**Student:** 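Mind having a look at this structure? Questions to follow.
Since the structure is predicted, the reported quantities are computational estimates derived from the model, not experimental observations. In each ligand, atom 1 is the first atom listed, and ligand 1 is the first ligand listed.
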Amino acid sequence: MNANAEKIRDQYEQSEEEDLLGEENLFRPIFKKYKKRRPMPDFSGVIDVRDSQNFTKYGVKSRFLFENSEILEQDRTIAENLGLRPLPEWRVCEFPNRPGLYVLPAILLKSHTPKWLENCQKYARSGENKTNLVAHGGEMNDTSLRWTTLGIEYDWNTKEYPADGKRVPEEFVSLAKLISGSLKLGEMRADATIVNFYPPKTALSPHVDKSERSNAPLISLSLGQTAVYLSGGLTLSEEPIPIWLRNGDILVMHAAQRLVYHAIPCVGVKSQATTFEKTEFPETKQETLDYLNCSRVNITMRQVNEY
Ligand SMILES: O=C(O)CCC(=O)C(=O)O
Ligand SMILES: [Fe+2]
C-alpha cells in the first residue's frame with residue numbers, strides 16, 4: 001500500500017457513524033478533499049485569520065480583544081511569563097453561523113515555541129502520563145498521529161474520563177484561565193489536557209469532544225506547522241468551514257460550538273510553512289527545530305469536572 005492509499009488511523013477514526021440518522025454526510029467529502037496530496041487540493045477557500053481581505057470575503061469579525069476593557073497588571077505578567085504576545089496586541093476572530101467559536105491568531109510568541117514543544121515532549125516521555133509516542137527516539141520518522149493525556153487522563157477505549165487525576169501542568173492551567181477570562185467565558189479550571197503530535201501527512205478524523213462533564217470551553221494551542229481545521233455542525237450532515245491554524249494560534253470552542261464536529265484533514269502545507277531557523281534560535285537543539293519545521297503539535301486544555 002502506498003502512503004496515499006493508506007487508511008487514516010487515529011483515535012477518532014470510528015466516531016463518525018452516530019448522529020447522521022440517514023442524512024447525507026457532508027463533512028467527509030470536505031475532509032477527503034483537504035486530506036488529498038496528489039494532486040494538491042485547492043486551498044484558496046481556506047479562511048486565513050491573518051489576512052484582513054478575508055474578513056469581508058468570509059464575513060469574519062476581527063477585533064482587538066482588550067480594545068474596550070482594562071488590562072489587569074497580573075494578567076500582563078502572566079502573559080509575559082508564558083511567552084505570549086503582549087495583551088494589547090491580542091486579536092480575536094469570530095465566524096458567521098459559529099457563535100462560540102473563536103480564533104486568536106499568533107498568541108504564543110514564535111520565540112517561545114521551541115520551549116513549549118520541548119515541554120510537551122518531556123511530558124510525553126516522562127513515563128508519568130499515558131502516551132502512544134514512540135518512547136526512544138524514532139519520532140522524526142513517525143507517520144502516525146501520537147498523543148499524550150495529562151491531568152484527568154482520557155481513556156480512548158471507554159471514551160470516558162475517570163473521576164480525577166493528577167494536576168495539569170501549571171502553564172496549561174494559567175493559559176486556559178487567561179484565555180477564558182479574557183473572552184469573558186467564565187473562570188476555567190483546566191483539569192485535563194490532550195497533546196496531539198502530528199507528523200507530516202497525518203490527520204485527525206471528524207469527531208465531537210463530548211466526554212467532559214463541565215460546560216467550560218475547550219481551548220487549543222497550535223505549535224509548528226500549519227494545519228487546515230474543519231469546523232462543522234452538531235451533525236455530519238452540515239458542511240464544515242476550513243480555517244488555517246498556524247503556529248501560536250489559539251482556537252476556542254464554547255457554548256453552541258462546544259459540541260460540534262471538527263477535524264484536521266492535513267498538516268504541513270508547504271505554501272503555508274512557518275520556518276524555525278538555527279540563526280533565529282541559536283540556543284535551541286537542532287532536533288527541536290527540525291521537529292517544528294515538519295510537524296505540528298496541538299495542546300487542548302479542557303475542564304472535565306464542575307468545581
Ligand atoms: O489539532 C487540533 O487542532 C484539534 C485537536 C482536537 O480536536 C482534539 O484534541 O480533540
Ligand atoms: Fe477535538
Side-chain angles (χ1 to χ4, degrees), residues 8 10-16 18-19 27 31 34-35 46-47 49 98 100-105 107-108 116-117 120 123-124 129-133 144-156 159-161 168 172 175-176 179 190 192-212 216-234 236 240-254 257-269 272 274 292 295-304:
I8 307 151
D10 62 69
Q11 58 266 40
Y12 292 119
E13 210 185 336
Q14 282 143 4
S15 53
E16 239 185 289
E18 299 145 28
D19 295 338
F27 199 116
F31 180 76
Y34 288 113
K35 179 148 197 336
V46 182
I47 302 174
V49 295
R98 298 276 186 293
L101 177 68
Y102 306 93
V103 175
L104 289 75
I107 294 300
L108 177 66
W116 278 68
L117 171 72
C120 290
Y123 300 137
N129 307 297
K130 285 198 251 172
T131 184
N132 68 346
L133 194 75
S144 310
L145 192 99
R146 301 290 171 186
W147 50 261
T148 185
T149 48
L150 310 174
I152 306 182
E153 296 193 270
Y154 188 64
D155 184 328
W156 300 105
K159 297 189 167 60
E160 278 175 18
Y161 287 96
V168 163
F172 301 153
L175 178 60
I179 299 287
T193 295
I194 299 177
V195 183
N196 285 311
F197 298 86
Y198 296 84
K201 301 199 182 84
T202 53
L204 185 69
S205 294
H207 68 279
V208 176
D209 294 274
K210 57 185 170 197
S211 304
E212 292 77 16
L218 191 149
I219 297 181
S220 99
L221 168 65
S222 294
L223 310 179
Q225 291 309 303
T226 306
V228 173
Y229 180 89
L230 296 179
S231 163
L234 292 172
L236 291 162
I241 56 167
I243 306 170
W244 290 119
L245 285 186
R246 295 196 172 81
N247 182 64
D249 290 357
I250 298 258
L251 180 139
V252 179
M253 297 164 75
H254 182 60
Q257 284 296 305
R258 181 65 184 74
L259 293 174
V260 297
Y261 276 92
H262 55 282
I264 299 285
C266 63
V267 301
V269 179
Q272 306 293 327
T274 301
L292 288 168
S295 302
R296 171 174 186 261
V297 171
N298 181 263
I299 304 164
T300 54
M301 289 144 273
R302 301 140 189 263
Q303 182 179 328
V304 174

**Student:** Report the part of Arg302 (side chain from C-beta onward, or backbone N, CA, C, O) that has a heavy atom under 4.0 Å from ligand 1; answer both or neither where that applies.
**Tutor:** side chain

**Student:** Taking 2.8 Å as the distance threshold, tell me the number of protein N/O/S atoms next to the Fe ion (ligand 2).
**Tutor:** 3

**Student:** Out of all atoms in ligand 1, which are within 4.0 Å of some heavy atom of His262? Include the element for each.
**Tutor:** 7 (O)

**Student:** Ignoring angles and geometry beyond distance, decide whether Ser220 reaches within less than 3.5 Å of ligand 1 through its nitrogen or oxygen atoms.
**Tutor:** no

**Student:** Please confirm whether Tyr198 comes under 4.0 Å of ligand 1, counting heavy atoms of the residue only.
**Tutor:** yes

**Student:** Using distance alone, with no hydrogens and no angle criterion, decide if Ser220 and Asn298 have a side-chain donor and acceptor under 3.5 Å apart.
**Tutor:** yes

**Student:** Tell me, with the steps shown, if Ser222 and Arg296 meet side-chain hydrogen bond (donor to acceptor under 3.5 Å, both in side chains).
**Tutor:** CA-CA 7 Å; Ser222 294; Arg296 171 174 186 261; 2.7 Å; yes

**Student:** Can you tell if the side chain of Leu223 reaches within under 4.5 Å of the side chain of Leu108, non-hydrogen atoms only?
**Tutor:** yes

**Student:** Please classify the Leu218 to ligand 1 contact at 4.0 Å (heavy-atom distances, strictly less than): side chain, backbone, both or neither.
**Tutor:** neither

**Student:** Whether the Tyr161 and Glu153 side chains hold a donor-acceptor pair (N or O, under 3.5 Å, no angle test) is what I'd like checked.
**Tutor:** no

**Student:** Do the non-hydrogen side-chain atoms of Ser144 and Pro199 ever get within less than 4.5 Å of each other?
**Tutor:** no

**Student:** Start with the C-alpha gap between Lys159 and Tyr154, add the side-chain angles, then the distance that decides, and say whether side-chain contact (heavy atoms from CB on, under 4.5 Å) holds.
**Tutor:** CA-CA 7 Å; Lys159 297 189 167 60; Tyr154 188 64; 3.4 Å; yes

**Student:** N/O of Ser222 under 3.5 Å from N/O of ligand 1, yes or no?
**Tutor:** no

**Student:** What part of Ile194, side chain, backbone, both or neither, has a heavy atom within less than 4.0 angstrom of ligand 1?
**Tutor:** neither

**Student:** Using modelled atom types only, decide if a donor and an acceptor are shared between the side chain of Asn132 and the backbone of Trp147 within a distance under 3.5 Å.
**Tutor:** yes

**Student:** Before giving the answer on side-chain contact (heavy atoms from CB on, under 4.5 Å), spell out for Leu150 and Asn129 the whole-Å C-alpha distance, their side-chain angles and the decisive distance to 0.1 Å.
**Tutor:** CA-CA 6 Å; Leu150 310 174; Asn129 307 297; 3.3 Å; yes

**Student:** How does Leu251 reach ligand 1, by side chain, by backbone, by both or by neither, if only non-hydrogen atoms under 4.0 Å count?
**Tutor:** neither

**Student:** Give a yes-or-no answer on whether the side chains of Ser231 and Arg98 include a donor-acceptor pair shorter than 3.5 Å.
**Tutor:** yes

**Student:** Provide the number and element of each atom of ligand 1 under 4.0 Å from a heavy atom of Asn196.
**Tutor:** 5 (C), 8 (C), 9 (O)

**Student:** Give the numbers and elements of all ligand 1 atoms closer than 4.0 Å to a heavy atom of Leu204.
**Tutor:** 5 (C), 6 (C), 7 (O)

**Student:** Is there at least one pair of N or O atoms, one from Asp209 and one from ligand 1, spaced under 3.5 Å apart?
**Tutor:** yes

**Student:** Mind checking ring-ring contact (aromatic ring centres under 6.0 Å, His included) for Tyr34 and listing every partner two or more places apart, or none if nothing turns up?
**Tutor:** Phe43

**Student:** Between Arg258 and Leu218, is any pair of side-chain heavy atoms under 4.5 Å apart?
**Tutor:** yes

**Student:** In terms of the angle between their ring planes, are Phe172 and Tyr123 parallel, tilted or perpendicular, with boundaries placed at 30° and 60°?
**Tutor:** perpendicular

**Student:** Of the protein's non-hydrogen atoms, which lies at the shortest distance from atom 3 (O) of ligand 1, and what is that distance?
**Tutor:** Arg296 NH2, 2.9 Å

